Number of protein chains: 2
Amino acid sequence: MTTNTGPVRQAGAPAILDPDQTDLLRALDAVFAGWARAAGAREIMPPPVYAVSDLEKFDAYQNFPHLALVAAPLELAGGVAAPTDGRFAPSNLREARLGLPHAACFGAYLFYENTQLARDMLVTLMNQCFRNEDHYTPLRRLVSFRMREIVALGTYDHTQQVLAAFTERITEFGAALGLGLRREAATDPFFENNGPRALLARLDPVKYEFQAGDLAISSVNTHRNFFGERCRIRLRADPDAGPGYAYTSCVAFGLERWLGVLVEQHGCAVRALAAVRDAAARVP
Amino acid sequence: MTTNTGPVRQAGAPAILDPDQTDLLRALDAVFAGWARAAGAREIMPPPVYAVSDLEKFDAYQNFPHLALVAAPLELAGGVAAPTDGRFAPSNLREARLGLPHAACFGAYLFYENTQLARDMLVTLMNQCFRNEDHYTPLRRLVSFRMREIVALGTYDHTQQVLAAFTERITEFGAALGLGLRREAATDPFFENNGPRALLARLDPVKYEFQAGDLAISSVNTHRNFFGERCRIRLRADPDAGPGYAYTSCVAFGLERWLGVLVEQHGCAVRALAAVRDAAARVP
């Protein structure tokens, strides 16, 4: 339909998915969101920017400062600012009060902030996530990408049952797609590197990744009551104990990474879409 | 399901849509995207950040500097930066090479950048948009919101036929919903305020808004060949004339604004969703 007459996008520029890639991403996301709904989840829609003070609650700037991107208005006091070589210098910026998230599940904890859960909850959400990296690779390592998450909040048992159920589902779906997924314990430094939480993580992994080749395309994560405490999400009152902070866990799908692996496997997004529909029918 | 025990979200914080609002927004978006597909459009997926140099092509920083938000990494040379009162000072930031868009259709022009169109094209896309404002109002004036657009590229006649067809569709859908939409010529300063384009816009409106009360919830926009020229999108070769730059137009739906108007009309998102489904069945 179109004929390229030059380079379509500059190297490293945020990617625009073409129609076939878009159909495939939407189909994959519908599969994962469908699993969530079948398990009783409802969906919420988070924004792709938060108050810096909200992301700060999750130690985002303490543990991942190098990955962080923050959003600032332009300083217009000295007249209209124009970028130089596609860049605004810090002196052209005003203070940044908004932060771009690097994971989708933050929206779930902020949605339930300062609430008391009447029962175990399951919620799903998709968000744009952002990571400032040294280099980018199409579909595999992007400055901006989409993450679908399924988040459990409530008792510790509930959070673990959800991870076990979705671990099985991801394993079956990966097998139906012939992806050869490997489940690997991971040591992402979500919690501070040298604190007691990090020690605990080495003894008892809190994150497992599903890897296709060398690329993690999904993960299951146990947070204990870290997010519950930071957002003051309380469990329903227990007659035997005062209300404590909710436990949480999440199941994450890096949608562009799934896309990248499937397009590489099938040679194009159209054939990959047919494979996804076939696998979804076999692993309902 | 939950009991609030305190303020759920701080005033002015980017909004998280609850499950009922999410279902309504997805249903509205499916209606508008369905109209686009029925008219022959395919969908593309743009990122919520672009290179500043890409947004600069559209005079975004020249015409809307006060609305602009740009994204910067943290300056870590002096040790880990921590925000003060939820703010990073400019001196804590590195240069900003990424810009947050204030309209969705930019993705369409960048997708077709440096291409030659083989025929008239119709494409649809939804994106997160961002506007730095003095104040925010829930669902009506947000720092971050979702915009569905339907973009025509090709001959001038094509761009005008698309606007005429969707003007009729929006009018019928608004009537089926009992929204009392008014179609008003608008003078958004998309093009430079004092240039010949602005004069032309006053003589021959290039933007019409559909207003519910005092809120513009949709618009139809004629760009002539502004974006075609800026992105070097060429029309197929005309035997009688050399290939010129493509004309473009777009139809925009501010999804949270539609949500706000419908929730106010029906009292809650659940009843609004029933009304949308009913109206969509009557205006297919």
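Computed from a prediction, not measured in an experiment: that's the story for all the values here. Chain naming here is simple, since letters A, B, ... match the order of the sequence lines and numbering starts at 1 in each.
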Practice task
Dump the intermediate steps for side-chain contact (heavy atoms from CB on, under 4.5 Å) on B/V49 and A/L100, then the final yes or no.
Solution key: CA-CA 10 Å; B/V49 289; A/L100 283 62; 4.1 Å; yes
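- Residue contact with chain B, scored on non-hydrogen atoms closer than 4.5 Å, is absent for A/L55.
- One finds the CD1 atom of B/I16 at 5.0 Å from the CG atom of A/L110 (value rounded to the nearest 0.5 Å).
- The minimum heavy-atom distance between A/P73 and B/L69, with the atom names listed, is N-CD2, 3.7 Å.
- Of all non-hydrogen atoms in A/P14 and B/Y50, the two that sit nearest each other are CG-CA, 4.1 Å.
- Taking the charged nitrogens against the carboxylate oxygens, A/R42 and B/D18 have no contact shorter than 4.0 Å, which rules out a salt bridge.
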Exercise for the section: Verify side-chain contact (heavy atoms from CB on, under 4.5 Å) between B/L74 and A/V70, making sure each step is shown before the conclusion. Expected result: CA-CA 8 Å; B/L74 301 179; A/V70 295; 4.1 Å; yes
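- When the side-chain contact (heavy atoms from CB on, under 4.5 Å) test is applied to B/P48, the partners found at least two apart in sequence or on another chain are A/Q128, A/F130, A/S144, B/N127, B/Q128, B/F130.
- To the nearest 0.5 Å, atom OG1 of residue A/T84 and atom CD of residue B/E56 are 8.5 Å apart.
- Between B/L17 and A/I44, the closest side-chain pair of non-hydrogen atoms is not below 4.5 Å.
- For A/L25, the part lying under 4.5 angstrom from a heavy atom of chain B is the side chain only.
- To the nearest 0.5 Å, atom CZ of residue B/R26 and atom CD of residue A/E43 are 4.0 Å apart.
- The stretch residues 85-97 of chain A places A/G86, A/R87, A/F88, A/A89, A/P90, A/L93, A/R94, A/E95, A/A96, A/R97 near chain B, each with some heavy atom under 4.5 Å from a heavy atom of that chain.
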